[in-house]
Amino acid sequence: MLNIIAISGSLRVASTNSALVAALARNAPPGCQVTVYDRLGHLPIFNPDDEGERTPPEAALLIDAVTNADGVIVSCPEYAHGVPGGLKNALDWLVSRDAAVGKPAMLVHASPRSLFARSALAEIIRTMSFALYDGAELEVGLLGKKAPEVAAILAEAENVLAVRKALTTFADFIRSR
Ligand SMILES: Cc1cc2nc3c(=O)[nH]c(=O)nc-3n(C[C@H](O)[C@H](O)[C@H](O)COP(=O)(O)O)c2cc1C
């Protein structure tokens, strides 16, 4: 069983990115379990002085979750043409460890815009030595939609299929490594 963790870069209660990662968790194909990591807002601000023995427990939880995962999926909004601080902060806790090295990662998208954040995130993920899989290209247009419409869109057969297909190809990528 592949153990994949999915992270939304948004802390909003009605976040479209969080709805997308929840849909990934609901629609995992056989042989795949997707667990949502939703503790971005609990992480302290990264400080290199607090690494090693001083690693805060909340950061250790994230580091362990990534270490024990077979793959990581990220869905992230764009703020002012950049990656939101909460997600960047979480990634910073993983930089000087082994957790990310060679770890399969995939980006999925809840907005057709966010092109600056997409490419910045891909650059960060590659620089951290994740093995970025860019073959699936899952994008569901949820930008600006309210919760009921988001739920309806994510329940549409074609989107359920697209979510499953992205997970299946990502799982194949993980298994091929
Ligand atoms: C402070 C702030 C800045 C934003 N800046 C951008 C931006 O530069 N480019 C963009 O495409 N969208 C921008 N947006 C829109 C968000 O990326 C968009 O609403 C996204 O769907 C929010 O994700 P969420 O529903 O998961 O919270 C911004 C939103 C906020 C709140």
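Indexing begins at 1, ligand by ligand and atom by atom, following the structure's order. These values consider heavy atoms only, across backbone and side chains, with no hydrogens, waters or symmetry-generated copies. The structure displayed is predicted, hence computed values, not measured ones. Residues take their numbers from the sequence shown, with the count starting at 1.
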Exercise for the section: Go through the structure and list residues passing ring pair (Phe, Tyr, Trp, His ring centres under 6.0 Å) with Tyr79, not counting sequence neighbours. Expected result: none
Fill in the blank from the handout: Checking heavy-atom distances from atom 22 (C) of ligand 1 to each of Pro77, Ser75, Ser8, the winner is Pro77
Problem - Side-chain (Ser18) to main-chain (Ser15) donor-acceptor, under 3.5 angstrom - result: no
Completion exercise
Note: ligand 1 atoms sitting under 4.0 Å from heavy atoms of His81 are 7 (C), 8 (O)
Handout entry: Within reach of ligand 1, part of Ser15 (heavy-atom separation under 4.0 Å)
Key = both
Handout entry: Residue Asp98 excluded, over 12 heavy atoms near CG under 6.0 Å
Key = no
Handout entry: atom 4 (C) of ligand 1: the protein heavy-atom neighbour that sits closest, reported with distance to 0.1 Å
Key = Glu78 O, 3.3 Å
Exercise for the section: Report yes or no: do Phe170 and Leu24 belong to one cluster of Ile/Leu/Val/Met/Phe/Trp/Tyr joined by side chain heavy-atom distances under 4.5 Å? Expected result: yes
Practice task
Find all atoms of ligand 1 within a distance of less than 4.0 Å from any non-hydrogen atom belonging to Asn17, and give their numbers and elements.
Solution key: 23 (O), 24 (P), 26 (O)
Exercise for the section: Please say whether Gly144 places an N or O atom under 3.5 Å from an N or O atom belonging to ligand 1. Expected result: no
Exercise for the section: Please indicate whether any nitrogen or oxygen in Ser18 is less than 3.5 Å from any nitrogen or oxygen in ligand 1. Expected result: no
Exercise for the section: Compute whether any side-chain donor of one residue and acceptor of the other, for Ser8 and Asn17, lie under 3.5 angstrom apart. Expected result: no
Exercise for the section: Look at atom 31 (C) of ligand 1 and say which protein heavy atom is nearest, naming residue and atom and giving the distance to 0.1 Å. Expected result: Tyr79 CE2, 3.8 Å
Exercise for the section: State if Ser114 counts as touching ligand 1 under the rule of any non-hydrogen atom under 4.0 Å. Expected result: yes
Fill in the blank from the handout: Nearest non-hydrogen contact to atom 12 (N) of ligand 1 from the set Arg118, Arg12, Arg113 belongs to Arg113
Exercise for the section: Could you tell me whether a side-chain N or O of Lys103 sits under 3.5 Å from a main-chain N or O of Thr67, the two making a donor and an acceptor? Expected result: yes
Fill in the blank from the handout: Closest to atom 24 (P) of ligand 1 by heavy-atom distance, out of Leu143, Thr16, Val21, is Thr16
